[in-house]
Amino acid sequence: MNKIMRALGIAVAAIAFTMSNAATSSAAVSQDGTAYAKPVGGSFPAKAHFKAYGEVFTISDLKADGRSGIGVLSYGSAASTYYYWNHSGSGTTITKDLDIAEGTPLHIWSCTGNFQGTPTGGLDWSSGCNPNTDAGTSVWA
Amino acid sequence: MKLKLLGRSVASILAVTTLSVGCSNHSSDGTASATPSEPAPTSLPPDSLPVKMKEAAKKGLGFSARDATDLGRTVDLQHAELWRACLTRKGAGPDSIDFGAVPRGEECPTQWNAHVPTPKTPDLIGKDFEKSYVQLLKKGYNSRFIDVFYGSNGIVDQQDVSRVHGEVCSQSPKSGEPYDASENVKLHVAIGKCPSA
């Protein structure tokens with residue numbers, strides 16, 4: 001009987017250790033992150049933030065400069081990189097709820113663009129946002 | 001939570017559907033519809049990538065842009081006006097849309113990853129750099145993957161390319177070689193004329 005109880009105790013302890021380990025590694029894998037657009041006149045004009053808990057991506061326009069804040073979310077390649085424009089004005093934040101597997105690596109960054117565009121129409125990427133050179137930060141869902 | 005997800009999915013599908021319908025309803029006369037409060041685009045055609053991107057952003061959608069063909073070119077957002085949006089589908093990101101695009105001089109494919117003939121590298125030797133550079137961009141080469149060497153100054157930063165004036169003295173890949181998305185184009189440009197051989 002003692003042997004059975006001891007074996008049961010060891011089994012319960014082993015299960016508890018495994019669960020604790022899983023929780024620890026899960027927490028270690030998930031990581032929040034914030035990326036700021038290049039500073040203009042000493043302040044950041046926009047930022048993108050990823051919150052791993054709940055998988056929430058927010059894009060904030062921080063400066064009244066007539067430009068939109070852009071949050072960029074990349075799943076890896078250039079073809080799977082998504083651009084979110086916050087054209088609601090300075091001081092506003094838009095929120096996007098992601099639905100992705102835990103531990104998924106992502107890359108985020110922020111920049112600004114002209115929503116009114118050039119005289120030829122469309123969005124204007126020509127200044128403030130260069131996907132070829134802008135740096136960002138890595139996060140994990 | 002499931003209701004939230006369902007609601008989001010339905011909203012995304014509706015938004016993408018609306019955008020897709022918008023794509024097919026544009027007239028072919030080069031005019032774009034615009035709300036009265038905003039100045040109408042005057043030059044960019046309605047299927048131009050920046051115009052389509054703006055329509056998506058107005059709807060609160062994120063967007064990606066990728067080559068609609070099987071050439072795997074990376075769409076150059078710094079020169080998005082040189083691309084036309086041909087195809088749309090629901091994106092992998094939240095509330096998002098994928099644009100399938102081709103350079104403006106090409107015909108739109110009717111399906112994603114459509115097979116098209118591989119373009120040949122143009123002959124740029126002895127030609128004016130600025131015209132050559134634009135020619136490459138119009139063919140779908142990404143400015144990120146064009147290395148410009150100018151005089152004895154070595155490689156030129158992307159933001160300084162507009163300061164390069166002169167003849168293209170050598171190029172890689174060579175003229176006539178098939179386009180390869182994984183290969184950078186290298187252009188050696190003289191300050192002025194190329195030295196005679």
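Convention: sequence-line order gives letters A, B, ...; per-chain numbering from 1.
- Cluster annotation: B/Val185 and B/Leu124 are assigned to the same hydrophobic cluster (Ile/Leu/Val/Met/Phe/Trp/Tyr, side-chain heavy-atom contacts under 4.5 Å, transitive).
- Residue B/Leu136 is grouped with residue B/Tyr179 when hydrophobic side chains (ILVMFWY) are merged at heavy-atom distances under 4.5 angstrom, including chains of intermediate members.
- Top candidate by heavy-atom pairs under 4.5 Å with chain A, chosen from B/Asp67, B/Asp98, B/Thr74, is B/Asp98.
- Here the side chains of B/Pro94 and A/Leu98 are in contact, with some heavy-atom distance below 4.5 Å.
- Of all heavy-atom pairs between A/His87 and B/Lys58, the closest is NE2-CA, 3.8 Å.
- Linking Ile, Leu, Val, Met, Phe, Trp and Tyr whenever their side-chain heavy atoms come within less than 4.5 Å puts B/Leu82 and B/Val161 in one cluster.
- If you chain together hydrophobic residues whose side chains sit under 4.5 Å apart, B/Ile191 and B/Val156 fall into the same group.
- Residues B/Ser96 and A/Tyr84 approach most closely at CB-OH, 3.7 Å, considering heavy atoms.
- Between A/Trp85 and B/Phe63, the closest side-chain pair of non-hydrogen atoms falls below 4.5 Å.
- The local environment of NZ in B/Lys127 is crowded, with over 12 non-hydrogen atoms from other residues, nucleotides or ligands closer than 6.0 Å.
- Taking NZ of B/Lys54 as the start and CG of A/Asn114 as the end, the distance is 8.0 Å to the nearest 0.5 Å.
- Tracing side-chain contacts under 4.5 Å through hydrophobic residues (I, L, V, M, F, W, Y), one reaches A/Ile108 starting from A/Ile100; they form part of the same cluster.
- Both the backbone and the side chain of A/Tyr82 come within contact range of chain B, judged by heavy atoms closer than 4.5 Å.
- To the nearest 0.5 angstrom, B/Leu77 atom CG is 4.5 Å from A/Tyr83 atom OH.
- Here B/Ala57 is the residue among B/Ala80, B/Ala57, B/Gly60, B/Gly72 with the most heavy-atom pairs under 4.5 Å with chain A.
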